[in-house]
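To start, the structure under review is shown below, and the notes come after it.
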Amino acid sequence: MDQPNARTAEIITILAQTYPKAGCELNFSNPYQLLIATILSAQCTDIKVNAVTKSLFADYPSAQEIIKLSQTELENIIRPLGLFHNKARNILSTSQILLDRYQGEVPSDMASLVSLPGVGRKTANVILSNAFNFPALAVDTHVFRVSRRLDLTRGKTPHQVELDLTAQIPRDLWSKTHHLLIWHGRRICKAQKPACPSCPLLDLCPSAQ
DNA sequence: ATCCCGAGGG
DNA sequence: CCCTCTGGAT
């Protein structure tokens, strides 16, 4: 924590009390499955991702199995999730690279992760924190929107928001804060019609209506 | 019409 | 910086 911030700490405390069960909502049983589920999660809800990965991972639990699928076969499986062409191509390419260069395992460092096709900084941070328990704060659409509404940051890019948040939050709370902001963004601080009257942060939020 | 645990390309 | 990819839910 470079700059202790009492207001930020208070917000996190309130969110933690409001959402005691906040955590990863993607289903997975190993780092590879979380990687695939996170790639699939772009622009769709995790509920739909879980519906698809349940049978996908049952039939194709690892990289060795996934690459047996053709591009078209994988596209047909993941089609309901949208962006299916790019996702299928990236999943097959990434899986092949994992087998060729990483013994079929998922690397646990940022540089290696973001070098994989279809894996950007947000996905890499999700893997680092949820699969390997490293301190990381992934900035997705919810974290971006909620933290800006609360004026925790005025960063204009997800990366800048990540830098601002990690600078004012203790390391051991980075992953927790990621989940708290997502849960809050889904349930109360929604993009379209935020439920400000029932928000536990009403008095702390400069964007409240 | 807008958004959903984004990433890559121009 | 912009644009494109995409089905499904609200």
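Letters go in sequence order (proteins before strands), and every chain restarts at 1.
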Please tell me which of the listed nucleotides, B:dT2, C:dG8, B:dA7, lies nearest to the side chain of A:Pro80? C:dG8

With a 4.0 Å cutoff (strictly under), does any side-chain N or O of A:His85 reach OP1 or OP2 of C:dC5? no

From the options B:dC4, C:dC5, C:dG7, select the nucleotide whose nearest atom is closest to the side chain of A:Asn86. C:dC5

The side chain of A:Arg79 lies closest to which of these nucleotides: C:dC1, C:dG7, B:dC4? C:dG7

N/O donor-acceptor pair under 3.5 Å between A:Asp46 side chain and A:Val49 backbone: no

Can you find a side-chain donor-acceptor pair between A:Asn90 and A:Ser93 that sits under 3.5 Å? no

Mapping A:Val119 and A:Asp46 to their closest nucleotides on DNA chain B, which lands nearer the 5' end? A:Asp46

Given B:dC3, B:dC5, C:dG7, identify the nucleotide with an atom nearest to the side chain of A:Lys48. C:dG7

A:Arg121/A:Glu162 ion pair, N-O < 4.0 Å: yes

Strictly distance-based, threshold 3.5 Å: is any side-chain N or O of A:Asp164 a donor or acceptor partner for the main-chain N or O of A:Thr153? no

Of the listed nucleotides (B:dG6, B:dC5, C:dG7), which one gets closest to any side-chain atom of A:Thr123? B:dG6

If the cut-off is 4.0 Å, is A:Arg145 near the phosphate of B:dC5, judged by side-chain N/O to OP1 or OP2? no

Below 4.0 Å: OP1/OP2 of B:dC4 and any side-chain N or O of A:Thr141: yes

Below 4.0 angstrom from OP1 or OP2 of B:dA7, is there any side-chain N or O of A:Arg121? no

